[in-house]
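This report refers to the structure that appears directly beneath it.
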Amino acid sequence: MNKKEFMEKLDNALTGIPRDEKKEVMRDYEEHFSIGLEKGRTEEEIAKSLGDPASIAKSIKAEYSITRAKKEPSIKNIFRATIAVAGLGVFNLIFVLIPLIIAVELLFVAYIVAAVFIAVPFLMLVYPASVTILSGDTPIWMVGVGLHIIGDILLVVLLYVTKGFYKLIIAYLQMNVKIIKGE
Amino acid sequence: MNIQIKKGVIEVCVFSILSKKDCYGYELAETISRHIEISEGTIYPLLRRLTKEGYFTTYLRESSEGPPRKYYKITDHGIEYQKSLLKDWNDLTKGVNELIEECEKDE
């Protein structure tokens with residue numbers, strides 16, 4: 001592979017990152033080639049010692065997607081970052097995607113529980129028969145209001161947990177990029 | 001070398017070199033390659049990340065031949081980090097070496 005081929009491959013593989021960022025990356029490798037040539041190496045030698053442009057592009061994209069998810073927190077950005085990190089290799093896939101899916105599922109279930117609790121008094125108004133079994137000796141309205149309050153508290157706690165969880169995912173993704181990718 | 005070990009090791013190398021003097025990317029790749037086998041291209045994503053995290057700053061300097069070179073300079077924050085990284089590294093290698101010696105003796 002000569003310089004032109006290397007740069008083209010890198011250029012093509014660096015999708016989804018801003019133009020400025022890409023220009024900067026390309027500049028670094030241009031510089032690397034020109035210094036190598038000055039030192040009397042051939043383009044092929046330099047390209048070979050640089051390694052595979054596709055895997056270089058992958059790690060740059062992963063780094064970028066994490067930075068972005070940090071700066072502009074959103075579900076879409078965190079999802080992108082996760083996919084990018086998971087794409088670095090099978091090892092990352094196992095250690096990133098699976099724990100994340102489990103955690104998101106747990107969080108999702110907790111939100112549903114909170115929503116059901118909050119809805120209980122309203123459900124009781126609509127279907128009075130549905131809760132008689134639960135109440136026992138306690139006045140039925142107390143059970144309803146009690147569950148509703150528990151649901152509210154749970155919801156507030158969950159909102160905090162979600163926020164913390166977001167930060168945790170970012171830190172976790174960063175750790176994955178740092179430790180696992182090393183080629 | 002095992003790729004999972006390598007990334008952390010390259011980071012230690014980069015910090016050690018830059019704590020002594022400012023370097024451009026090629027120089028760093030060349031210096032590290034003299035001692036361990038690496039894909040030199042991975043040095044740039046690493047430098048970008050560590051620069052973004054505030055451990056290094058960069059500046060351009062004209063060279064007598066060819067285009068200007070991008071130099072990396074370690075920050076105060078980077079120096080602090082380098083010290084703790086070096087300590088971790090020494091503890092780790094010492095521990096692992098002791099363990100290996102012990103195992104060899106048992107044989």
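Throughout, protein chains are lettered first and strands after them, A, B, ... in sequence-line order, and every chain is numbered starting at 1.
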Between His148(A) and Asp152(A), is there a side-chain donor-acceptor contact under 3.5 Å, judged purely by atom types and distance?
yes
Could you please state which residues from residues 82-93 of chain B sit under 4.5 angstrom from chain A, measuring non-hydrogen atom to non-hydrogen atom, sorted by number, or 'none'?
none
Taking non-hydrogen atoms and a cut-off under 4.5 angstrom, which of residues 68-79 of chain B neighbour chain A?
Pro68(B), Arg69(B), Lys70(B), Tyr72(B)
Salt bridge or not for Lys21(B) and Glu27(B), using N-O below 4.0 Å?
yes
Applying side chain to side chain donor-acceptor pair (under 3.5 Å) as the test, list every pair that has at least one member in residues 103-121 of chain A; sequence neighbours left out.
Tyr111(A)-Thr162(A)
Lys22(A), NZ: over 12 other non-hydrogen atoms inside 6.0 angstrom
yes
Does any heavy atom of chain B fall under 4.5 Å from the side chain of Lys48(A), the backbone, both, or neither of them?
neither
With only heavy atoms counted, which part of Ser49(A) is less than 4.5 Å from chain B, the side chain, the backbone, both or neither?
both
Check: [Y] main-chain N/O paired with [X] side-chain donor or acceptor under 3.5 Å:
| X | Y | value |
| --- | --- | --- |
| Lys3(A) | Ile46(A) | no |
| Asn77(A) | Glu72(A) | yes |
| Glu5(A) | Asn2(A) | yes |
| Tyr166(A) | Ser74(A) | yes |

Over all heavy atoms of both residues, which pair between Gly25(B) and Glu31(A) is shortest? Give the atoms and the distance, please.
N-OE2, 4.4 Å
All ring-ring contact (aromatic ring centres under 6.0 Å, His included) counterparts of Phe117(A), not counting sequence neighbours
none
